[in-house]
Amino acid sequence: MSVVIIGGHERMENRYKELCKKYRHKTKVFTKMRSDLSRQIGTPDLVILFTATASHKMVRCAITESERSNAVLERSHSSSASALIHILEAYV
């Protein structure tokens, strides 16, 4: 399964990737808005949106791209490792 994480903390980026790797998911993490974010997202199976740390523009882009690719969109206010584990457990 491919997972895209939008938002979160830069210092947690490697931790997010490690956790997804344990569940055998390919992961892309975007903690900052990029000009080509919509092209970088691709066609994932799951989009995880950490709403507390994502800008409004990032949120709109994530929603648009998840609808376009028919990906599941999960929102979490918290961007902690335990919040990510809780989301990943639901899709194992």
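What you see is a predicted model; the values in this text were computed from it and never measured.
For the pair Gly8 and Thr53, the tightest heavy-atom approach, listed with the atom from each and the gap, is N-OG1, 2.5 Å. The nearest pair of heavy atoms linking Met58 to Phe30 is CE-O, 3.5 Å. Nearest heavy atom pair, residue Arg15 against residue Ala81, reads NE-CB, 4.3 Å.
Residues satisfying the salt bridge (charged side-chain N to carboxylate O under 4.0 Å, His left out) test with Arg60, not counting sequence neighbours, are none. Among residues two or more places apart in sequence or in another chain, the side chain to side chain contact (heavy atoms under 4.5 Å, CB included) test is passed with Glu13 by Lys17, Val29, Thr31. For the side chain to side chain contact (heavy atoms under 4.5 Å, CB included) test, residues two or more places apart in sequence or in another chain that qualify with Ile85 are Leu19, Tyr23, Glu89. Residues satisfying the side chain to side chain contact (heavy atoms under 4.5 Å, CB included) criterion with Ser38, sequence neighbours excluded, are Cys61, Glu65.
Here SG of Cys20 is found 13.5 Å from NZ of Lys28. Values are rounded to the nearest 0.5 Å. For the atom pair CE (Met12) and OG (Ser80), the distance works out to 7.0 Å, reported to the nearest 0.5 Å. Taking CE of Met1 as the reference point, atom NZ of Lys26 lies at 13.0 Å (rounded to 0.5 Å). Taking CD from Glu18 and OG1 from Thr27, the interatomic distance works out to 11.0 Å, rounded to the nearest 0.5 Å.
Cluster membership check: Leu46 does not share its hydrophobic cluster with Leu73, using side-chain heavy-atom separations under 4.5 Å among Ile, Leu, Val, Met, Phe, Trp and Tyr. Ile48 and Val59 fall into different hydrophobic clusters, where Ile, Leu, Val, Met, Phe, Trp and Tyr are joined by side-chain heavy atoms under 4.5 Å apart, directly or via other members. Placement of Val3 and Ile41 in two distinct hydrophobic clusters is found when ILVMFWY residues are connected by side-chain heavy-atom separations under 4.5 Å, directly or transitively. Leu49 and Leu88 fall into different hydrophobic clusters, where Ile, Leu, Val, Met, Phe, Trp and Tyr are joined by side-chain heavy atoms under 4.5 Å apart, directly or via other members. Ile63 and Met33 fall within a single hydrophobic cluster, where Ile, Leu, Val, Met, Phe, Trp and Tyr are joined by side-chain heavy atoms under 4.5 Å apart, directly or via other members.
Under the ring-ring contact (aromatic ring centres under 6.0 Å, His included) criterion, no residue pair touches residues 63-83, with sequence neighbours excluded. Note on residues 43-76: pairs passing ring-ring contact (aromatic ring centres under 6.0 Å, His included), not counting sequence neighbours, are Tyr16-Phe50.
Within 6.0 Å of NE2 on His9 lie more than 12 heavy atoms contributed by other residues, nucleotides or ligands.
Residues Val47 and Ile6 have side chains in contact (heavy-atom distance under 4.5 Å, counting atoms from C-beta outward). Within the 4.5 Å cutoff, no side-chain heavy atoms of Ser66 are placed close to those of Val72.
Looking only at atom types and distance, the side chain of Ser78 has no donor-acceptor partner in the side chain of Ser76 under 3.5 Å away.
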